[in-house]
There are 4 protein chains.
Amino acid sequence: MDDAAFNTESVAADQLKAFIERIERLEEEKAGIAGDIKDVYAEAKGNGFDTKVLRKIISLRKRDYAERQEEEAILELYMQALGMPI
Amino acid sequence: MDDAAFNTESVAADQLKAFIERIERLEEEKAGIAGDIKDVYAEAKGNGFDTKVLRKIISLRKRDYAERQEEEAILELYMQALGMPI
Amino acid sequence: MDDAAFNTESVAADQLKAFIERIERLEEEKAGIAGDIKDVYAEAKGNGFDTKVLRKIISLRKRDYAERQEEEAILELYMQALGMPI
Amino acid sequence: MDDAAFNTESVAADQLKAFIERIERLEEEKAGIAGDIKDVYAEAKGNGFDTKVLRKIISLRKRDYAERQEEEAILELYMQALGMPI
DNA sequence: AACGCATAAGTAAGAC
DNA sequence: GTCTTACTTATGCGTT
């Protein structure tokens with residue numbers, strides 16, 4: 001292997017390492033925040049709140065209101081088709 | 001409703017709001033970091049790296065780490081099963 | 001090791017193997033059925049049904065109706081506390 | 001609503017019902033098998049085996065199998081990345 | 001009876 | 001644009 005090829009490979013390997021380290025660092029941060037969220041839910045539970053309902057509220061707020069309405073409409077349509085009570 | 005009950009409810013509602021806001025704030029941060037990760041993959045791709053392979057490497061390294069931790073856990077489990085002190 | 005101890009261990013090892021094989025056999029069956037379910041969803045999709053809604057219907061039917069009502073009541077209560085539209 | 005539309009809807013509703021019933025039937029079977037697995041663990045426990053260790057063994061054997069398959073996948077991935085025929 | 005864990009369901013992103 | 005795959009969320013189960 002000549003020097004040029006060797007250098008090219010080295011650079012690529014270094015770059016690869018750098019990308020991997022950046023990603024792994026970010027994933028750690030993400031995991032840390034996920035842990036924080038878990039802690040807040042635990043704290044809320046300790047204060048008497050139902051975490052299941054809490055999670056539902058969070059997800060409802062996240063979801064666009066209009067979309068939620070539309071989904072419910074489709075669901076009702078299907079439920080009617082099946083003769084289920086709405 | 002007497003004042004005491006009213007106040008209790010108010011406090012609960014305020015607490016609930018506070019918990020929700022804390023969680024939503026953290027979820028935003030988490031989503032931000034997820035976006036950063038996505039960007040790094042895109043940058044790597046722009047530098048000629050195959051993101052599929054990159055993701056594979058990341059997941060393998062993560063799994064290797066998890067496995068090492070699990071090995072410890074299995075060892076402890078077996079030692080407990082055999083009545084050995086840990 | 002005397003014969004009695006040897007036999008005791010053999011029996012235990014045989015029993016262990018037998019339990020493991022029974023469980024693994026059952027898990028295979030379970031995975032097979034899970035695959036069948038997936039296939040039915042795919043077939044439904046091919047006939048123009050929205051699998052997301054389909055899954056929702058299934059889960060709603062599974063859930064006890066009374067429980068669902070109660071959960072909704074709690075949810076509404078919380079949503080009112082937050083000033084969210086119901 | 002004219003007859004054609006009505007018939008179309010009827011057919012769709014019947015189809016929907018049929019899909020739902022098929023899925024629910026399969027889910028019942030699946031739940032039955034899950035129950036059987038639970039029973040085997042209970043029986044093993046009654047015979048003096050530690051279910052936690054048992055579950056660990058099962059999951060390790062499952063993982064080993066999955067890993068062997070993944071090794072193949074990684075190999076193919078790298079061969080593709082190197083432009084080698086599979 | 002409450003807690004954490006492990007599996008299962010649902011959702012969203014990425015590849016072909 | 002569809003289809004799979006990976007991640008996130010949720011439920012249920014066993015344990016303390």
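- The nearest whole Å value for the distance from the CG atom in C:Leu60 to the P atom in F:dT11 is 12 Å.
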side-chain contact (heavy atoms from CB on, under 4.5 Å) between C:Leu82 and C:Tyr78, worked out: CA-CA 6 Å; C:Leu82 293 172; C:Tyr78 281 179; 5.5 Å; no
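- A salt bridge links A:Glu29 to A:Arg25: one of the charged nitrogens lies within less than 4.0 Å of a carboxylate oxygen.
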Pairs under 3.5 angstrom only: tabulate donor-acceptor contacts from the side chains of residues 56-63 of chain D to other protein residues two or more places apart or in another chain.
{"unit_1": "D:Lys56", "atom_1": "NZ", "unit_2": "B:Glu70", "atom_2": "OE2", "d": "2.9"}
{"unit_1": "D:Ser59", "atom_1": "OG", "unit_2": "D:Lys56", "atom_2": "O", "d": "3.1"}
{"unit_1": "D:Arg61", "atom_1": "NE", "unit_2": "C:Glu24", "atom_2": "OE2", "d": "2.6"}
{"unit_1": "D:Arg61", "atom_1": "NH2", "unit_2": "C:Glu24", "atom_2": "OE1", "d": "3.0"}
{"unit_1": "D:Lys62", "atom_1": "NZ", "unit_2": "C:Glu27", "atom_2": "OE1", "d": "3.1"}
{"unit_1": "D:Arg63", "atom_1": "NH1", "unit_2": "B:Glu70", "atom_2": "OE1", "d": "2.4"}

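- Rounded to an integer number of Å, the gap from B:Phe49 CZ to E:dG14 P is 19 Å.
- Among the nucleotides E:dG10, F:dT11, E:dT11, the one closest to the side chain of A:Lys52 is F:dT11.
- In this structure, the CD1 atom of D:Ile33 is 15 Å from the C1' atom of E:dA8, given to the nearest Å.
- If you measure from atom CD of B:Glu27 to atom P of F:dC7, you get 18 Å, rounded to the nearest angstrom.
- Backbone-only engagement by B:Thr51 is indicated by non-hydrogen atom pairs under 4.0 Å involving sugar-phosphate atoms exclusively.
- Atom CD1 in C:Ile58 sits roughly 18 Å away from atom P in E:dA8 (whole-Å rounding).
- Counting to the nearest Å, the C1' atom of E:dT11 and the OH atom of C:Tyr41 are 14 Å from each other.
- Counting to the nearest Å, the P atom of F:dC13 and the CG atom of D:Leu54 are 19 Å from each other.
- Side-chain atoms of C:Arg63 lie closest to F:dT11 of the nucleotides F:dT9, E:dT11, F:dT11.
- Cluster membership check: B:Leu75 does not share its hydrophobic cluster with B:Tyr65, using side-chain heavy-atom separations under 4.5 Å among Ile, Leu, Val, Met, Phe, Trp and Tyr.
- Along DNA chain E, the nucleotide nearest to A:Lys38 and the one nearest to C:Arg55 differ in position, and the one closer to the 5' end is contacted by A:Lys38.
- Both C:Lys45 and A:Lys56 sit near DNA chain F, but only C:Lys45 has its closest nucleotide nearer the 5' end.
- Straight-line distance from the NZ atom of D:Lys30 to the P atom of F:dT11: 15 Å, rounded to whole Å.
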